[in-house]
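What follows is a single structure, written as structure tokens, with notes after it.
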Amino acid sequence: MSAAAVPRLRVNWLGLALPAGLLLALELWLRLSNITTESLAPPSEVFVTLLENLANGRLPAATLKTLTGAFGGLLMGGIPGLLLGIAFALVPALDRAMEVTIEALRPIPSVALLPVALMVFGFGYGMEFAIVGKSCFFMMLILTRAAVRGVEPRLREVSRVLRLSKPAMVWKIILPAILPRLFVAFRLGASLALVVSVTIEIAVNPQGLGYEIMTAREALRPDLMLACFIWIGLVGLGLNAGLLLAQRKLFGRAALAGEGVK
Amino acid sequence: MRYLLTSGLMGRGVSVLVAAGVVWIWLLISRSGAISPLFLPGPDKAWASLLRGFENGVLLRQTLGTLQHMFFGWLVASVVAVGLGSVIGISPLARRIFSPLLEFLRPLPASAVIPIAIAFMGLSNAMAIFVITFGTLWPILLSTVQGFSSVEPRLYEVAKALRMGRIETIRKIVLPSALPDILAGMRISVTAALILSVVCEMIAGLDGLGHYIMVSARLYRSPDLFAGVILLGAIGYVSSTLVSMAEARLLRWRDRGH
Amino acid sequence: MPFVTALPKFSFSGATLAFGQKPILRNISFDIPAGQFTCIIGASGCGKTTALRLAAGLYQPTQGAVLFDGEPMSAPRADVAIVFQDYGKALLPWRTAFGNVSLAMEAGGVPKAGRADRIEELLALVGLAGQGGKYPTEMSGGMQQRLQIARCLAQNPSVLLMDEPFGALDAMTRQGLQDEVLELVARTQTTVIFVTHDLEEAIYLGDRVIGLLPHPGRVGIDVPVNLPRPRDQLATREEPEFLRLRRELFDFIKGSEA
Amino acid sequence: MPFVTALPKFSFSGATLAFGQKPILRNISFDIPAGQFTCIIGASGCGKTTALRLAAGLYQPTQGAVLFDGEPMSAPRADVAIVFQDYGKALLPWRTAFGNVSLAMEAGGVPKAGRADRIEELLALVGLAGQGGKYPTEMSGGMQQRLQIARCLAQNPSVLLMDEPFGALDAMTRQGLQDEVLELVARTQTTVIFVTHDLEEAIYLGDRVIGLLPHPGRVGIDVPVNLPRPRDQLATREEPEFLRLRRELFDFIKGSEA
Amino acid sequence: QKIRIGCTSSADCGTAMVAADNGIFEKMGLDVEMTRIALNSNIPPALLSNSLEIGGPTSSVFLQAADGGLDLVAVAGASYMHEASNEGTVAVIRDGVTIEKAADFAGKKVGVPGFGAYIHILFVRYLMENGVDPASVNLVETSFPSMPDVIRTGAVDAVLSGGPIVARILESKTGHLGPKFVSELGGDAPIIFYAATRDWATANPEAVQKFRAAIAEAAALIEADREVAIASVAKFTEQKPELVRATPPSKYKPEITADGLGWWLDLMKKQNLLQGSVDAANLLAP
Ligand SMILES: Nc1ncnc2c1ncn2[C@@H]1O[C@H](COP(=O)(O)OP(=O)(O)OP(=O)(O)O)[C@@H](O)[C@H]1O
Ligand SMILES: Nc1ncnc2c1ncn2[C@@H]1O[C@H](COP(=O)(O)OP(=O)(O)OP(=O)(O)O)[C@@H](O)[C@H]1O
Ligand SMILES: [Mg+2]
Ligand SMILES: [Mg+2]
């Protein structure tokens, strides 16, 4: 509960123990069991490959492309999703009217639409923005709507009796009240965007980290493939830590409201 | 008026009308020829293909395959996520042990996990369920943890004052209080499970609509592809409606009173 | 008292309210002239809060009407302020005391320049001078209650609806605030509906006391308070009329619970 | 009064509490023998709630100690029940009145068979007979407050800590509950610490009244109440000793606010 | 004007890779960029959306696209079936399973790299020619890199594969060689060829001519020295050169004929992989 008070930069040795143990086990297993596979490589080799490709600039360049695709899509889909989510929660009639449409479009896997997207947008960012955007749009919509519905009803009454205009109510009551949940949604959205853009790159789009994974796999280089894989995990980790830090720095107490102050 | 709109049947009716309008727009677009019918066939063609697919039994089998993957993956994910989320939410020690690994795993695309999963488990349904679980875990896990941390502090004190044990506190105070969050996460996950079933079927070639769509796309049979997409939409709609109904029932206390 | 029969500020005519099948208030009728200080008393759970919410426009009667200046009260109004009974829930936890009061001014479109001084003034009025920087969670129950009153006053309302606003206050603070409210009302000609469970408070403050009977809530008693103003905490409470009223209301409550 | 100097139930010795730099309570010292009914009064924001939370083990003193049966009160205990001031937050919104009371019994390990009757009995005791099916949001403020009391009684506590438990109740209900509590305490030998802002209530209920001075909170007055038991709502309040105490405490509060 | 050429990670487009690496395109005045494409079936839509000017689809992908209504034309030939490479595409059988002839496949689970793709079509033809009902074989899609894993874990009884994967499985001692079904069939039809949209090909007849000339020159270069191809393929696919060398060499022909396409058309019609009627002669760029 007093997490905010704990100095941030303390190394979490305990947390590192678990992944380290798993890696060690994998290394030993691969070295000792002598199996043939094009999908796994000993962690030590992967580590060396990772460093090599970081140093020669290949992974950083790919990372930039993937992140551009992911964040572009997140913003393009997430912001409308957020606004609509609030609108839907505040205007139940609208929510009801759109329900069937939304619920029927939402689960359509964007991957299934990749051939269409490829034809409409071609290779490059356009396709990534569109497909990542679609996924993030619905996710933000759902999460925001749930968050707004959870706002203490008395606070909404306060805004009614103060005759706050709708925008003022959203800005002064709803948004601050849902801020903590919004951040969770945004963080979820960011990882979803990363996952989706990598998937698109694996399947279709010849750029970014997913493309590197695909290439490595087809070139029968499991070490390179896993290095990309690990790198994506690290990028996501950094991203999340960065967002958390930003949350604390930018919003401080407001973002933690309702997270047990007393 | 507002009351009428928001209530029961009438709202549902309007909702269906809006959806019908969307289909109509789709029809207009496909008729206009702005997009090649190769990529966007009209809803009429897709519907015809859908009926054909069910007549010869192919679609039914694929649908069952997808449903199976999706359901079990989601179920396992829900159990694992709520369990893990509870442990992390309640114990700072567990949080320290698990969170780095989890934060690292979270952004890994499930699609890229598939080859590794195949290396361990082969082309089995267990592999698919593992991958789906892996990919759908996160929304539930995060909302569970979030739900835990936003419990009204006074209620924690009530639990302390009643000398409730950890497990009991979780079961009786924290989980119910976090339930709205958890259910929202589960609602997202049920869709994610569907998407991942499709991805698994596409990449690992398991029986299901994903594979059907993939083959249709490869053969440029776009009406078949859209028939599959329509079915996926329908499955998604029905499953998330079921979750919503469960949600409404479990959270009925929320709609009472002022 | 003026002779002209001006339009009453509030007019409850046969207002009835039910939640689902359950009737909460039945056939409530009374008029409240502008500038009158009306107190509502009644046993716990008899419907005082519900009646006040009707007056605020937060609920709509299922039958009958609640008129404000002759118009149906179909939604809350900017010049009608309400102090909620559950003060803890009605404050924004992410804003300081200062910010919470400021909210009402922002809503009213008060330009930024003039706010700070007025806010300090209001905080001082309710005995929270210098506490503007505290968050609601850092304040005691009574302080939160007073903060909510300050926010309502910041609205510059022409009507004040107060639901047990002094419930969590000690006798001294309470008496101080009672006198502040009386002074303010006299100065600004504000119309007040004041819910309280404290009979002496009702008599001390009111021009009139309405008592509700429970199950369902109805008007059981409606007496004028003919005590001279300005009132005085010691002198007024010793007047025979005060004691007589207290007896009368006490008997009413006693009878209503039997 | 027995001659043996038995171990006091509670012993505050030099208890001091600060949040960050800000001292809230300073050097609080007093003993509370088992079975005593102690009332705490003081101006709004003086630290009554904080002192009670120390006694409950919800806060730890920054200096000095709070001993329970001679042991430091380092965590809440099952036989010490606390009634929170903000009743609205202390109830589980997803459980009915019945379920909220049941919680305490579940926590105490009462077998399911015996619960229902006892719960109904407790609900009746606080005047909520037949209202067990309501959710907290469907209850009035006073009803919620009484519900919380019922839940505390369900703990079968040997010590009751009550923070303005009757704040939202009308005079009659309040007097009824005062007498219920007195009767219960006399029967079960419960030790009570009772925070109130109502001086008459403090005198009527207590064996002893402690008054706190604000900024920071300190003990300012500590007087025994030598009124015979059982007490009577009419007779007791007319005794000269009652009136004398009321005067004394009133002056104390008045002085403390100046 | 830039010409983007999209190929999958295989040696089939070796001529384009060599032409790009050895400055042949440049010499012809073509500004070329090579792009690696994940899935062969992504090439036709990529051509259509103008993400690529020229791509290397397999014959089956090309014909299915044309059958579906995509207006594509063949521009030049790339790789062809011939003895050496036919030899390399085989069934690898999991140890413990006996499959020696076509009939043995009945009731077995077999991993194929892609439904409706080159190997799949040839395999079905092999079954049909040997009187085995294709429906009696349980085919599952398995990407090349997963093949060693599915054989090792016992997920399938056999895989249809080629190139370095076969060697890897044999090395790991989890499987052995089965029927060489492609060479049993024979044939010299195109495997992969260069294609473009009809619009682009008609609008840029010069570029098409120069491209053909460059491909022909590259084919001659490879004919003379295989190492040139190995270096370029290794560079493009990022595979290790040893790996490329260990694979049976592809055979390149710069021409593409209606006959070669016709062979595939017949085959695919028989397997009901085409719905409409496509005229092979109409699919060649002028
Ligand atoms: N939202 C609701 N749904 C159903 N019943 C309700 C609701 N709100 C109030 N009630 C019921 O209406 C009755 C009156 O409630 P109300 O809050 O008006 O009482 P009150 O007079 O303000 O009591 P108190 O003095 O205890 O605050 C109660 O019996 C309560 O249970
Ligand atoms: N969590 C906290 N952080 C900082 N200050 C606090 C906190 N809780 C209480 N305080 C301060 O401590 C003082 C005493 O608070 P407390 O709630 O004990 O008062 P109280 O006597 O119960 O008042 P009331 O009768 O109004 O409920 C107040 O000035 C309050 O602002
Ligand atoms: Mg009330
Ligand atoms: Mg208090």
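Every value quoted in this text rests on a predicted model; they were computed, and no experiment measured them. Note on naming: letters A, B, ... go to the chains in the order of the sequence lines (proteins, then strands), and numbering restarts at 1 for each one. Hydrogens, waters and symmetry mates play no part in the numbers below; they use all other heavy atoms, side chains included.
- The two residues Ala94(B) and Val87(B) have their closest heavy-atom pair at CB-CG1, 3.4 Å.
- Interface remark: of the candidates Ile230(A), Val235(A), Ile102(A), Ile230(A) forms the most heavy-atom pairs closer than 4.5 Å to chain B.
- Per-residue counts of heavy-atom pairs under 4.5 Å with chain B were compared for Leu192(A), Leu105(A), Leu237(A); the largest is that of Leu237(A).
- Put simply, CE on Met70(B) and SG on Cys200(B) are 13.5 Å apart, with the number rounded to the nearest 0.5 Å.
- Looking at Leu194(A) and Leu67(A), their side chains come closer than 4.5 Å, going by heavy atoms from C-beta outward.
- Scanning residues 188-198 of chain B against chain A with a 4.5 Å non-hydrogen threshold yields Ile188(B), Thr191(B), Leu194(B), Ile195(B), Val198(B), sorted by number.
- Annotation: maximal heavy-atom pairing with chain A below 4.5 Å, among Leu183(B), Val238(B), Val229(B), occurs at Val229(B).
- In this structure, chain A has no heavy atom under 4.5 Å from any part of Ala20(B).
- Interface remark: Met214(B) contributes no atoms to any contact with chain A (heavy atom separation under 4.5 Å).
- For Ser143(B) against Gly185(B), the heavy-atom pair with the smallest separation is OG-CA, 3.5 Å.
- Between chain A and the options Val22(B), Ile116(B), Leu17(B), the largest number of non-hydrogen pairs under 4.5 Å is found for Ile116(B).
- By the 4.5 Å heavy-atom criterion applied to side chains, Glu201(A) and Glu128(A) are counted as neighbours.
- One finds the CG atom of Leu209(A) at 5.0 Å from the CD1 atom of Ile232(A) (value rounded to the nearest 0.5 Å).
- Contact annotation for Phe148(B): neither backbone nor side-chain heavy atoms come within less than 4.5 Å of a heavy atom of chain A.
- Contact annotation: the side chain of Val100(A) approaches that of Tyr237(B) to within less than 4.5 Å [non-hydrogen atoms, C-beta and beyond].
- A distance of 5.5 Å separates CG of Leu84(B) from CG of Leu102(B), quoted to the nearest 0.5 Å.
- In this structure, chain B has heavy atoms under 4.5 Å from both the backbone and the side chain of Arg187(A).
- For chain B, the nearby parts of Leu234(A) are the backbone and the side chain; heavy atoms of each come within less than 4.5 Å.
- Looking at Leu232(B) and Ile213(B), their side chains come closer than 4.5 Å, going by heavy atoms from C-beta outward.
- Both the backbone and the side chain of Leu188(A) have a heavy atom closer than 4.5 Å to some heavy atom of chain B.
- Proximity to chain B (any heavy atom under 4.5 Å) is restricted, for Leu226(A), to the side chain, taken from C-beta onward.
- Residue contact with chain A, scored on non-hydrogen atoms closer than 4.5 Å, involves the backbone and the side chain of Val113(B) alike.
- At distances below 3.5 Å, at least one donor-acceptor pair connects side-chain atoms of Trp74(B) with backbone N or O atoms of Met186(B).
- Considering every non-hydrogen atom in both Leu141(B) and Ala81(B), the closest pair reads CD1-O, 3.4 Å.
- Once rounded to the nearest 0.5 Å, the distance linking OG of Ser239(B) with CD1 of Ile235(B) reads 7.5 Å.
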Identify all side-chain donor-acceptor contacts of residues 135-143 of chain A below 3.5 Å with residues at least two apart in sequence or on another chain.
unit_1    : atom_1 : unit_2    : atom_2 : d
Ser135(A) : OG     : Ser110(A) : OG     : 3.4
Ser135(A) : OG     : Ile131(A) : O      : 3.2

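- Within the 4.5 angstrom heavy-atom criterion, only side-chain atoms of Leu22(A), from C-beta onward, approach chain B.
- Using a 4.5 Å cut-off between heavy atoms, Leu225(B) touches chain A through its side chain atoms alone.
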